[in-house]
Asks: 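To start, I am sharing the structure in question, which I have written as structure tokens.
This is a predicted model, so every value here is computed, not measured. Values below: every heavy atom of this structure, side chains too, minus hydrogens, waters and symmetry copies.
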Amino acid sequence: MKFKKTVLKLFAIALILAGGFWLFTGLKEKAALTSKTPISRVSYLCKGQKTIEAAYYTGPPAPTPKPGEPPRPTGSVALKLSDGRSLELLQTISASGIRYANQNESLIFWSKGNGAFILENNRQTFMGCIALSPDPGNLPQAYADGTEGFSVRYPAGYKINTDYRYQELGPGEEIGGVKFTIPQSTATGTNLSGYDTGVSVEEIPNTKDCQATFFVYPGAKAETVTDGGTQYSVATSTGAGAGNFYEEKIWAIPGTNPCVAVRYLIHSTNIYNYPPGAVKEFDRTSLLNQFDEIRRSLILAP
């Protein structure tokens, strides 16, 4: 009897030690999971100004699939949503894009290229999401257009016109897009016009061999320019009348369809038409640098 009690006591101790070992191992594995470095972090801006902060992680090596079965992904994603929720989802098999889901698949996060969306109980709750470029320091505002498929950053104070159409090419040749116009304060006291000076993102549908010449008067020439790892077709156009000067620079992105371009428009007046000291010459270099930063922040969704 005494021997039996001793055996039971030793067995109970062994169970306690084993449980402690597995608990310690589980905590250690969990700590390793939560402390590992993500392979990438992406901020998405969605319809309705909703946001998603996503941290993507690789998983352990996948087991060898059985014959006829696709390889099972092992990655994961950590999400922070603008409604305050934080989620961790495991990667699942997907025929297109990268798919992550919770255990009962009531919530699915799907990313493809620079786009993403969230399904909850088969209903899109975060839609038209497009990745954002990091803020270089002076572009705190962001705009995303899930329909047209792009996102862009811009400085505080800029005005947005989502119904913008470029009409200088004549009737029937209008080009649609989104215009970001400088704040009036930028032009005050200078010969710069704050009425229409700004940057626009424009698209021409159903095109082949996207070129900057599509966005200017016939006869303009385009050159190939590489900036920030992106190749552009670039063309310039100038005009003048009644003491006004108009300078345009078009940065089209070859290979896009619709053909996508960023247009700079600078509208200024003749500084010599003012009494001496009445206004000062606008800072062209500073303005162009700002326009360049806006253009470089452009991200296109698939």
Asks: Just how far is it from atom CH2 of W110 to atom SG of C129, taken to the nearest 0.5 Å?
Replies: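 So the CH2 of W110 and the SG of C129 are separated by 14.5 Å.
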Asks: Is the shortest side-chain heavy-atom distance between V178 and I160 below 4.5 Å?
Replies: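 They are in contact (side-chain heavy atoms under 4.5 Å apart), so the answer is yes.
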Asks: Does this structure show an ion pair linking R263 with E168, if we count only N-O contacts that are shorter than 4.0 Å?
Replies: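 No salt bridge links R263 with E168.
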Asks: Please name the pair of heavy atoms, one in F215 and one in I175, separated by the smallest distance, quoted to 0.1 Å.
Replies: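 For F215 versus I175, the nearest heavy atoms are CD2-CD1, 3.7 Å.
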Asks: Is the backbone N or O of Q184 less than 3.5 Å from a side-chain atom of T188, with the two atoms forming a donor-acceptor pair by type?
Replies: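 Yes; judged by distance alone, with no hydrogens or angles, the pair exists.
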Asks: Rounded to the nearest 0.5 Å, what's the gap from SG on C46 to CE on M127? Could you check?
Replies: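 One gets 9.5 Å once the value is rounded to the nearest 0.5 Å.
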Asks: Are V260 and V201 close enough that some pair of their side-chain heavy atoms sits under 4.5 Å apart?
Replies: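 Yes, close enough: below the 4.5 Å cut-off.
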Asks: Compare every heavy atom of D163 with every heavy atom of N161, then report the nearest pair and how far apart it is.
Replies: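 Looking at all heavy atoms of both residues, the shortest contact is OD1-N, 3.0 Å.
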Asks: More than 12 heavy atoms of other residues, nucleotides or ligands under 6.0 Å from CZ of R123: is that the case?
Replies: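 No.
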Asks: I204 versus P258: any side-chain heavy-atom pair under 4.5 Å?
Replies: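 SC-SC contact between I204 and P258 ruled out.
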Asks: Show your reasoning for whether side chain to side chain contact (heavy atoms under 4.5 Å, CB included) applies to I294 and R153.
Replies: CA-CA 6 Å; I294 296 172; R153 286 192 172 274; over 6 Å; no
Asks: Examine distances only and state if a side-chain atom of S233 and a backbone atom of Q211 form a donor-acceptor pair shorter than 3.5 Å.
Replies: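 No: the side chain of S233 does not pair with the backbone of Q211.
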Asks: Under a 3.5 Å cutoff, is there a donor and acceptor pairing between the side chains of T92 and R99?
Replies: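 A donor-acceptor contact under 3.5 Å links the two side chains.
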Asks: Could you walk me through whether Y166 and E248 pass the side-chain hydrogen bond (donor to acceptor under 3.5 Å, both in side chains) test, one step at a time?
Replies: CA-CA 12 Å; Y166 183 79; E248 297 182 30; 2.9 Å; yes
Asks: In sequence, state the C-alpha distance, the side-chain angles, and the governing distance for K221 and T213, and then conclude on side chain to side chain contact (heavy atoms under 4.5 Å, CB included).
Replies: CA-CA 7 Å; K221 294 183 179 180; T213 52; 5.9 Å; no
Asks: Can you name the nearest heavy-atom pair linking A220 to V216, along with the distance?
Replies: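 Answer, listing the atom of A220 first, then V216: CB-CG2, 3.3 Å.
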Asks: Are Y143 and L132 co-members of a hydrophobic cluster defined by side-chain heavy atoms under 4.5 Å apart?
Replies: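 Cluster IDs for L132 and Y143 differ.
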Asks: Given side chain to side chain contact (heavy atoms under 4.5 Å, CB included), test T238 with F245 step by step and report yes or no.
Replies: CA-CA 7 Å; T238 58; F245 299 112; over 6 Å; no
Asks: Do the non-hydrogen side-chain atoms of S43 and T51 ever get within less than 4.5 Å of each other?
Replies: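 S43 does not reach T51 side chain to side chain.
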Asks: Between I250 and V234, is any pair of side-chain heavy atoms under 4.5 Å apart?
Replies: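 With C-beta onward as the side chain, the pair stays apart.
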Asks: Counting distance only, does the side-chain N/O of N191 pair as donor-acceptor with the main-chain N or O of N270 below 3.5 Å?
Replies: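 Side chain of N191 to backbone of N270, a donor-acceptor pair under 3.5 Å: no, none is there.
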Asks: Flag the pair Y158 / F180 as yes when their ring centroid distance falls below 6.0 Å, and as no otherwise.
Replies: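 Between F180 and Y158, which both carry aromatic rings, the centre distance is not below 6.0 Å.
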Asks: Shortest non-hydrogen contact from P140 to P155?
Replies: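 Taking P140 first and P155 second, the nearest heavy atoms are CD-CA, 4.1 Å.
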Asks: Between Y44 and F109, how do the two ring planes meet: parallel, tilted or perpendicular, split at 30° and 60°?
Replies: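 Perpendicular.
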Asks: At their closest point, which heavy atom of G194 faces which heavy atom of K159, and how far apart are they?
Replies: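 What the structure gives for the nearest pair is O-NZ, 4.2 Å.
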Asks: Could you walk me through whether I98 and Q91 pass the side chain to side chain contact (heavy atoms under 4.5 Å, CB included) test, one step at a time?
Replies: CA-CA 7 Å; I98 307 176; Q91 188 177 352; 3.6 Å; yes
Asks: Out of curiosity, does L298 fall in the hydrophobic cluster containing L265 (side-chain heavy atoms, cut-off under 4.5 Å, transitive links)?
Replies: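 Not linked; separate clusters.
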Asks: What distance separates Y100 OH from L89 CG, expressed to the nearest 0.5 Å?
Replies: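 Reported value, rounded in 0.5 Å steps: 9.5 Å.
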Asks: Tell me if a side-chain donor or acceptor on N244 pairs with a main-chain N or O of H267 at a distance below 3.5 Å.
Replies: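 No; judged by distance alone, with no hydrogens or angles, the pair does not exist.
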Asks: Count the heavy atoms of every other residue, nucleotide or ligand shown that sit under 6.0 Å from CG of N122, and state whether that count exceeds 12.
Replies: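 Atom CG in N122 is not crowded, with 12 or fewer foreign heavy atoms closer than 6.0 Å.
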Asks: Got a second to check how far N102's CG is from E120's CD, nearest 0.5 Å?
Replies: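 Separation between the atoms: 9.0 Å.
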Asks: Under 3.5 Å, is there a donor-acceptor pair between the side chain of D292 and the main chain of R296?
Replies: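 No, D292 side chain to R296 backbone: no donor-acceptor pair under 3.5 Å.
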Asks: Taking atom types as modelled and ignoring hydrogens, do the side chains of R295 and Y232 form a donor-acceptor contact shorter than 3.5 angstrom?
Replies: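 Side chains of R295 and Y232: pair found under 3.5 Å.
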Asks: Is any side-chain heavy atom of E281 closer than 4.5 Å to a side-chain heavy atom of T190?
Replies: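 With C-beta onward as the side chain, the pair stays apart.
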Asks: I want to check something: taking the side chain as every heavy atom from C-beta on, are T197 and Y264 in contact at a cut-off of under 4.5 Å?
Replies: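 When only atoms from C-beta onward are counted, Y264 and T197 do not touch, as no gap falls below 4.5 Å.
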Asks: Between atom CG of N114 and atom OG of S151, what is the distance when rounded to the nearest 0.5 Å?
Replies: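 Separation between the atoms: 7.5 Å.
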Asks: Between F126 and F117, is the gap from one ring center to the other below 6.0 Å?
Replies: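 Ring centres of F117 and F126 not closer than 6.0 Å.
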Asks: Which distance, rounded to the nearest 0.5 Å, do you find between the OG of S82 and the CD1 of I52?
Replies: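 That separation rounds to 7.5 Å.
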Asks: With a 3.5 Å cut-off and no angle check, do the side chains of E202 and S200 form a donor-acceptor pair?
Replies: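 Looking only at side-chain atoms, S200 and E202 do form a donor-acceptor pair, the distance falling under 3.5 Å.
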Asks: Indicate if I182 and W251 have the same hydrophobic cluster label, given that clusters are the connected sets of ILVMFWY residues with side-chain heavy-atom separations under 4.5 angstrom.
Replies: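 Yes; W251 is reachable from I182 via cluster members.
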Asks: Within a 6.0 Å radius of atom OH on Y195, are there more than 12 heavy atoms belonging to other residues, nucleotides or ligands?
Replies: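 Counting neighbours around OH of Y195, 12 or fewer heavy atoms of other residues, nucleotides or ligands fall under 6.0 Å, so no.
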Asks: Hey, are T269 and N273 close enough side-chain-wise for a donor-acceptor pair under 3.5 Å?
Replies: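 Absent: no donor and acceptor within the cut-off.
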Asks: Under a 4.0 Å N-O cut-off, is there an ion pair linking K249 with E223?
Replies: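 No salt bridge links K249 with E223.
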Asks: Do L81 and L87 come within less than 4.5 Å of each other through their side chains, counting heavy atoms only?
Replies: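 The answer is yes; the side chains approach within 4.5 Å.
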Asks: Same hydrophobic cluster for V77 and I39, using side-chain heavy-atom links shorter than 4.5 Å among ILVMFWY?
Replies: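 Same cluster: V77 reaches I39 through Ile, Leu, Val, Met, Phe, Trp or Tyr contacts under 4.5 Å.
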Asks: If you take all heavy atoms of I299 and A131, which pair is closest and at what distance?
Replies: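 It is CD1-O, 3.6 Å.
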Asks: Hey, is D196 close enough to K179 for a salt bridge, meaning N to O under 4.0 Å?
Replies: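 No, D196 and K179 are not salt-bridged.
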Asks: State plainly whether the residues E174 and R165 are in salt-bridge range, i.e. N to O under 4.0 Å.
Replies: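 The answer is no: the pair does not qualify as a salt bridge.
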Asks: Test of understanding: clusters of I, L, V, M, F, W, Y form through side-chain heavy atoms closer than 4.5 Å, transitively. Do L45 and Y56 belong to the same one?
Replies: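 In one cluster: no.
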Asks: Quick check on K50: does its NZ atom have over 12 non-hydrogen neighbours (other residues, nucleotides or ligands) under 6.0 Å away?
Replies: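 Result for NZ/K50: enclosed.
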